[in-house]
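Per chain, numbering begins at 1; letters A, B, ... match sequence-line order. What you see is a predicted model, and the numbers here were worked out from it, not measured in a lab.
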There are 2 protein chains.
Amino acid sequence: MPSVDERATQQRLIDAARALVEADGVEGLSMRKVAADVGVAPTAIYWHIGGREALMHAVLDAMIADLPSLAARGSTPRTRIASLAAAMRSQVLATGPAHQLAAELGRGAELSFPAQVALAREVAAAGLSGHAAADAVRSVLFVVGGFIMIEDNYRHRQPGSRTTQELWQAVGEPGIDDDLRTTMATPTDTNALFTFTVERLLDSLLD
Amino acid sequence: MPSVDERATQQRLIDAARALVEADGVEGLSMRKVAADVGVAPTAIYWHIGGREALMHAVLDAMIADLPSLAARGSTPRTRIASLAAAMRSQVLATGPAHQLAAELGRGAELSFPAQVALAREVAAAGLSGHAAADAVRSVLFVVGGFIMIEDNYRHRQPGSRTTQELWQAVGEPGIDDDLRTTMATPTDTNALFTFTVERLLDSLLD
DNA sequence: ACCTGAACACCGTTCAAGT
DNA sequence: ACCTGAACACCGTTCAAGT
């Protein structure tokens, strides 16, 4: 009966690794910490799972299995596309470590694929087909995905580093009126900016 | 005459660190390698510059000083904004390590700020002002910056990992016609997609 | 089959000591 | 003022050895 105990220890190792990633991000995952948490020698991980990268893949597999599925809402294709964009963003915000892991392992395509298919369906329902439809799907995907990455980047900035607003407070440029300058010196509402950007893109993509 | 030698060694340490970052990215930077390259004990870096993070800041400062400035081209505000977007992307592609370092140190705002000011000027020239202008500037910034990050992410994906195209080849979804599916299974031309996305966004932002 | 211990080749950092 | 050497607390990984 080796396979029962085998899977038990293997599962405990993956669970411990997952807990570390969820608590401190990918950089918090260490072979030695995982081993210590399970009460085993670090080298036992190599027997059960493999190296650090194999462990990361196993953790990501477990996370993907628990990922909530996202559904479009709304009665028109346009509102449904906008709702998908918002759902993609919420999902990443709610499952950050899974996406960090996926990015590190080059498995981002896997995570975004369901959203991609859902988007394609709505874009087709909006009346686009062929190349025009593919361009629209990819455009929305890149904008939504990119927006999320920038937001994430901004969130993890070091304390003490200059923000864009602070830099705008000091600037005195010709050709830029006071109203614009003071607005740029104001913190960005990323929720509102996300909605605004997606809506403006859809204005043009869907005629 | 301490300050002359001081700066000489300090400069050599920063140059060596910069070379490592430019060759292998931030993860290629190690205190021990820098010290070995300069022919000094690792601990000497702590005397001259400080810890690893201080060294990274010093390298980034040097890189920023060498950054090419970007200028808008074209006769209409719209073409000038599009040219700025393209210039931002080329600059990041040409100076990747500087942006990687800036992202890690939370100094991304500093690097994007000149482009931000140039964009604001052109958006104002296009007739927008106040909140509408600020929204347009930020929207373009997030889209361009996000696009670049996604592209970069895609470029660094592990060999063997599933690409989006490969996943589309296997799918058989209702509501998605064959033409769209086969197009999605085709590799993305990111150059064309970038131009397309920026143009569609400007369609709506600039009326 | 399952796991340990010792070992190797790395890290960043501190600090007393030398000149 | 400038630098070294020893030391500490970490890494991931390999491999022979044990049961």
[X] [atom1] - [N] [atom2] separation (whole Å):
{"X": "B:I49", "N": "C:dG12", "atom1": "CD1", "atom2": "P", "answer": "14 Å"}
{"X": "B:R52", "N": "C:dT14", "atom1": "CZ", "atom2": "P", "answer": "14 Å"}
{"X": "B:K33", "N": "C:dA9", "atom1": "NZ", "atom2": "P", "answer": "16 Å"}
{"X": "B:W47", "N": "C:dT13", "atom1": "CH2", "atom2": "C1'", "answer": "17 Å"}
{"X": "A:I45", "N": "C:dA1", "atom1": "CD1", "atom2": "P", "answer": "20 Å"}
{"X": "B:M56", "N": "C:dG12", "atom1": "CE", "atom2": "C1'", "answer": "13 Å"}
{"X": "A:Y46", "N": "D:dA16", "atom1": "OH", "atom2": "P", "answer": "17 Å"}
{"X": "A:R32", "N": "C:dA7", "atom1": "CZ", "atom2": "P", "answer": "14 Å"}

Should the pair [X]-[Y] be classified as a salt bridge under the 4.0 Å nitrogen-to-oxygen rule?
{"X": "B:E122", "Y": "B:R78", "answer": "no"}
{"X": "A:R181", "Y": "A:D178", "answer": "yes"}
{"X": "B:R138", "Y": "A:D189", "answer": "no"}

Open item on the list: With a cut-off of less than 4.0 Å, is there a side-chain N or O of A:S30 near OP1 or OP2 of D:dC10?
Closed with: no
- [ ] Report yes if a side-chain nitrogen or oxygen of A:T9 is closer than 4.0 Å to either non-bridging phosphate oxygen (OP1 or OP2) of C:dC2; otherwise report no.
- [x] no
Open item on the list: What contact category does B:L29 fall into here, base, sugar-phosphate, or nothing, at under 4.0 angstrom with non-hydrogen atoms?
Closed with: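 Contact class for B:L29: sugar-phosphate only.
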Task: Nearest-neighbour nucleotide for the A:M31 side chain, C:dC3, D:dG12, C:dG12 considered - done: D:dG12
Open item on the list: Which nucleotide, if any, forms a Watson-Crick or G-U wobble pair with D:dA16, using both distances under 3.5 Å?
Closed with: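 Looking at the geometry, D:dA16 pairs with C:dT4.
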Open item on the list: We want to know whether A:S204 and B:S204 form a side-chain donor-acceptor pair, criterion being a heavy-atom distance below 3.5 angstrom.
Closed with: no
- [ ] Give a yes or no on whether the backbone of A:L20 and the side-chain of A:K33 come within a donor-acceptor separation of less than 3.5 Å.
- [x]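 Judged by distance alone, no pair lies under 3.5 Å.
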Task: D:dA9 to C:dC10 separation - P atoms, rounded to the nearest Å - done: 22 Å
